[in-house]
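First the structure, in the form of structure tokens, and then the observations on it.
Along the sequence shown, residues carry numbers from 1. These values consider heavy atoms only, across backbone and side chains, with no hydrogens, waters or symmetry-generated copies.
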Amino acid sequence: MKRFFIWFLPVALIFAGCKKLDQVPQDTATKEAVFSTEKGLELYANSFYKLLPTPSDAHKGDAMADYAARSQAPDFLIKGAFGPRQSNGWNWDELRNINYFIENNNDPNVPASIRQQYNALARFFRAHFYYEKVKRFGDVPWINKTFKVDDPELFKGRDSRSLVMDSVLADLNYACENITRTNDNSRSLITKYVALGFKSRVALYEGTYRKYHGQPGVDKWLQESVAAAEKVMAEGGFSLNTVGGTDLSYRNLFISTAPVANEVMLSSVTDANLSVYNDANWWWTSATYGSRISLTRTFVNTYLNIDGTPFTSKSGYQTMPFMDEMKGRDKRLKQTIRVGDYKRINGGTPEAAPPIFSYTYTGYQPIKWVLDDVRYDGGGQNINSISLMRYAEILLNFAEAKAEQGTFTDADWSKTIGALRQRAGITGGLSAKPTQADPYLLTNYFPGITDPSLLEIRRERGIELTFEGLRFDDIVRWKKGDLMTKAWNGFYVPALNVPMDLNEDGLMDVAFFQVMPANPVPGVKYINVAETINGVVNPQRLSNNTSGELTWLTTTTREFTDKNYLYPIPEADRLFNPELGQNPGW
């Protein structure tokens with residue numbers, strides 16, 4: 001069944017910054033009524049799911065990623081624009097709700113095995129809560145009990161990352177061992193295999209974070225990731241979706257109303273009957289509501305040719321126009337951005353839909369979460385469910401953790417990276433791991449990584465999981481913050497004032513000018529790439545002035561220093577509790 005939320009039990013103490021509050025909400029149901037029946041436990045446990053992203057939040061997860069050009073650079077990356085006063089996220093009310101449940105779930109009227117199952121679910125969500133906190137702030141207070149208003153530990157300092165993450169691992173192990181639900185057709189509930197999948201994600205993050213940030217305990221965490229992923233692969237019953245063939249099987253995962261259950265393990269579901277929708281079309285197709293996020297050319301170049309060779313091994317790829325660079329590529333590319341014969345439905349009629357420069361700065365306009373019918377474009381009306389965990393990620397977690405350990409084999413390659421590429425229509429290099437490192441990846445992304453397999457796993461992870469909310473976490477754990485400062489570049493423009501037919505349907509779509517032509521071609525969108533417009537610096541230019549790659553916001557300097565690997569503790573919370581200290585550099 002689908003989960004639903006009923007708030008019926010108080011959060012008797014909500015604390016921010018580990019501080020006291022002077023009001024205590026009143027109960028709407030007695031403790032005895034809640035904890036004395038299995039139904040009461042179930043209803044309470046539904047409240048834990050508030051920790052998961054809503055459908056509208058989930059599809060925006062990569063709003064800050066190296067490959068995502070957007071309307072404005074995030075303040076977090078602008079010198080002097082972000083600090084402790086702007087920081088947030090130091091909230092603890094959901095943790096108190098979980099700890100209260102664990103402390104009070106001891107009524108003998110409920111069989112011990114049932115209580116254990118619900119405690120396992122609570123501990124899963126406590127691990128989830130703390131994983132998000134550690135990613136954001138590093139050291140945080142480990143709290144596994146409820147506090148009275150006069151408890152001196154309300155004003156304790158932060159515990160070490162190592163202590164907190166060991167506690168997270170203990171909670172996840174308990175959850176994986178004791179959650180008895182093994183399947184959920186709605187894909188909205190936490191099952192044993194979702195818990196194992198999440199453990200593989202957390203352990204990979206922690207193991208690689210420690211490796212690239214010079215902290216001990218790497219091997220333990222990588223092995224935990226491998227073991228959890230292996231269990232999902234061997235027992236979970238999941239598989240990569242192939243319905244729709246190589247042209248649609250990938251995108252169908254992101255536009256389906258019901259989660260594609262063979263691959264999607266956990267989803268933020270929509271339900272028209274309950275008026276639960278998301279705003280994906282509005283966000284991704286609006287010139288004003290969303291951030292007009294578009295892929296960069298540097299990243300699009302990482303998509304392979306259909307034969308498995310690097311696109312950047314082609315002679316002249318640097319000056320290849322959009323129409324040509326899109327041909328013969330990994331078929332996930334055309335299922336991620338507007339390419340070629342992509343169409344949208346308007347009044348029931350399919351219409352050609354090339355990239356539109358009202359919505360994109362680079363020409364690489366996303367469609368991954370967008371329903372094709374334009375009637376969904378205004379407001380939050382989308383009916384597609386948004387996946388939070390897919391089997392594809394588990395394969396990638398397994399592959400990366402093994403490669404980092406140096407134990408990645410040809411057989412491992414075949415059942416992970418090879419399988420993902422086969423689903424994408426790629427024909428070559430599916431059965432054996434590569435023997436040579438791709439110079440483009442070395443130069444533009446990972447100069448310190450010489451293992452060809454690990455380079456390709458990182459390539460594959462970026463492509464397969466584009467816009468699924470994991471990219472910034474990957475950059476942080478790999479200690480590759482410099483990628484966040486890369487130029488936001490777009491497709492190549494051969495010349496000014498020459499209209500381009502982006503989808504090759506015989507109709508010209510866009511042209512770029514510095515002086516508007518006297519006789520513009522009807523139906524063509526003209527984009528001004530002059531140095532200034534009405535005396536103001538133009539944020540959209542061509543790299544060679546009159547030709548070259550589109551560039552966006554080159555006059556805005558983004559920076560990522562060591563301090564940016566963690567967020568600052570919010571100033572207001574440090575004022576309440578000076579023992580919290582501050583993260584380095586902030």
Side-chain heavy-atom pair [X], [Y] within 4.5 angstrom cut-off:
{"X": "K334", "Y": "I367", "result": "no"}
{"X": "F48", "Y": "E94", "result": "no"}
{"X": "E400", "Y": "R461", "result": "yes"}
{"X": "I386", "Y": "T54", "result": "no"}
{"X": "K415", "Y": "M233", "result": "yes"}
{"X": "L483", "Y": "T485", "result": "no"}

(Q) Under 6.0 Å from the ring centre and within 45 degrees of the ring axis: does the NZ or CZ of R70 meet both conditions for the six-membered ring of W488? (A) no
Q) Just checking, R292 and Y359: is the charged tip under 6.0 Å from the six-membered ring centre and within 45° of the axis? A)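 Cation-pi check for R292 and Y359: fails.
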Q: Decide yes or no on ring pair (Phe, Tyr, Trp, His ring centres under 6.0 Å) for F299 and Y364, but give the supporting numbers first.
A: CA-CA 10 Å; F299 181 73; Y364 304 115; over 10 Å; no
Can you check whether [Y]'s main-chain N or O pairs, donor with acceptor, with [X]'s side chain at less than 3.5 Å?
{"X": "S313", "Y": "P310", "value": "yes"}
{"X": "D410", "Y": "K433", "value": "yes"}
{"X": "T242", "Y": "G245", "value": "no"}
{"X": "D159", "Y": "W142", "value": "yes"}
{"X": "R423", "Y": "N241", "value": "yes"}
{"X": "R459", "Y": "T302", "value": "yes"}
{"X": "T309", "Y": "N305", "value": "no"}
{"X": "N583", "Y": "Y567", "value": "yes"}
{"X": "T360", "Y": "P355", "value": "no"}
{"X": "D473", "Y": "L470", "value": "no"}

Q. Taking W478 as the fixed residue, which of F472, F446, Y445, Y205 is the one that meets the ring-ring contact (aromatic ring centres under 6.0 Å, His included) rule?
A.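 Answer after filtering F472, F446, Y445, Y205: F446.
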[X] and [Y] ion-paired at < 4.0 Å:
{"X": "D307", "Y": "R329", "answer": "no"}
{"X": "D139", "Y": "R161", "answer": "no"}
{"X": "D482", "Y": "K480", "answer": "yes"}
{"X": "R390", "Y": "E464", "answer": "yes"}
{"X": "E235", "Y": "K192", "answer": "no"}
{"X": "D474", "Y": "R477", "answer": "yes"}
{"X": "E456", "Y": "R421", "answer": "yes"}
{"X": "E206", "Y": "R210", "answer": "yes"}
{"X": "K327", "Y": "E504", "answer": "yes"}

(Q) Could you walk me through whether Y212 and E404 satisfy the side chain to side chain donor-acceptor pair (under 3.5 Å) test, starting with their C-alpha distance in whole Å, then the side-chain angles of each, then the deciding distance to 0.1 Å, before giving a yes or no? (A) CA-CA 11 Å; Y212 294 105; E404 289 285 8; 2.7 Å; yes
Among [options], whose side chain to side chain donor-acceptor pair (under 3.5 Å) with [X] holds?
{"X": "R187", "options": "T191, D184, N183, N185", "result": "N183"}
{"X": "N382", "options": "N281, T257, D279", "result": "N281"}
{"X": "D372", "options": "R344, K343, R251", "result": "R251"}

If you take all heavy atoms of [X] and [Y], which pair is closest and at what distance?
{"X": "A63", "Y": "I293", "answer": "CA-CD1, 3.6 Å"}
{"X": "S249", "Y": "Q335", "answer": "N-OE1, 3.7 Å"}
{"X": "Y361", "Y": "S291", "answer": "CE1-O, 4.3 Å"}
{"X": "I394", "Y": "S200", "answer": "CD1-OG, 3.8 Å"}
{"X": "T270", "Y": "N384", "answer": "CG2-O, 3.4 Å"}
{"X": "V232", "Y": "G197", "answer": "CG2-N, 3.8 Å"}

Classify the ring geometry between [X] and [Y] as parallel (under 30°), tilted (30 to 60°) or perpendicular (over 60°).
{"X": "Y67", "Y": "F467", "answer": "perpendicular"}
{"X": "F491", "Y": "F322", "answer": "tilted"}
{"X": "Y193", "Y": "F238", "answer": "perpendicular"}
{"X": "H213", "Y": "Y565", "answer": "perpendicular"}

Q) CD1 of I255 to CD1 of I383: how many Å apart, nearest 0.5 Å? A)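 The distance works out to 10.5 Å.
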Q: Starting at CG of D62, measure out to CD of E468 and round the result to the nearest 0.5 Å.
A: 8.5 Å
Q.
Run the side-chain contact (heavy atoms from CB on, under 4.5 Å) test against K133 and tell me which residues pass, sequence neighbours left out.
A. N91, W92, F129, F137, V140
Do you see a donor-acceptor pair shorter than 3.5 Å between the side chains of [X] and [Y]?
{"X": "K199", "Y": "N173", "answer": "yes"}
{"X": "S294", "Y": "Q365", "answer": "no"}
{"X": "N301", "Y": "Y440", "answer": "yes"}
{"X": "N178", "Y": "R123", "answer": "no"}

Between [X] and [Y], does the ring centre distance come in under 6.0 Å?
{"X": "Y303", "Y": "F311", "result": "no"}
{"X": "Y209", "Y": "W221", "result": "no"}
{"X": "F254", "Y": "W369", "result": "yes"}
{"X": "W282", "Y": "Y376", "result": "no"}
{"X": "F125", "Y": "Y49", "result": "yes"}

Q.
Could you work out, with side-chain hydrogen bond (donor to acceptor under 3.5 Å, both in side chains) as the rule, every residue matching D412, not counting sequence neighbours?
A. K402, T409
Q.
With side chain to side chain donor-acceptor pair (under 3.5 Å) as the criterion, how do T298 and N489 come out once you've worked through the C-alpha distance, each side chain's angles and the decisive distance to 0.1 Å?
A. CA-CA 7 Å; T298 304; N489 57 346; 3.0 Å; yes
Q.
Would you say that more than 12 heavy atoms from the other residues, nucleotides or ligands in this model lie under 6.0 Å from the NZ of K486, or not?
A.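 Atom NZ in K486 is packed in, count exceeds 12.
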Q.
Set out, in order, the CA-CA distance, both residues' side-chain angles and the distance that settles side-chain contact (heavy atoms from CB on, under 4.5 Å) for T362 and L550, then state yes or no.
A. CA-CA 6 Å; T362 67; L550 287 165; 5.7 Å; no
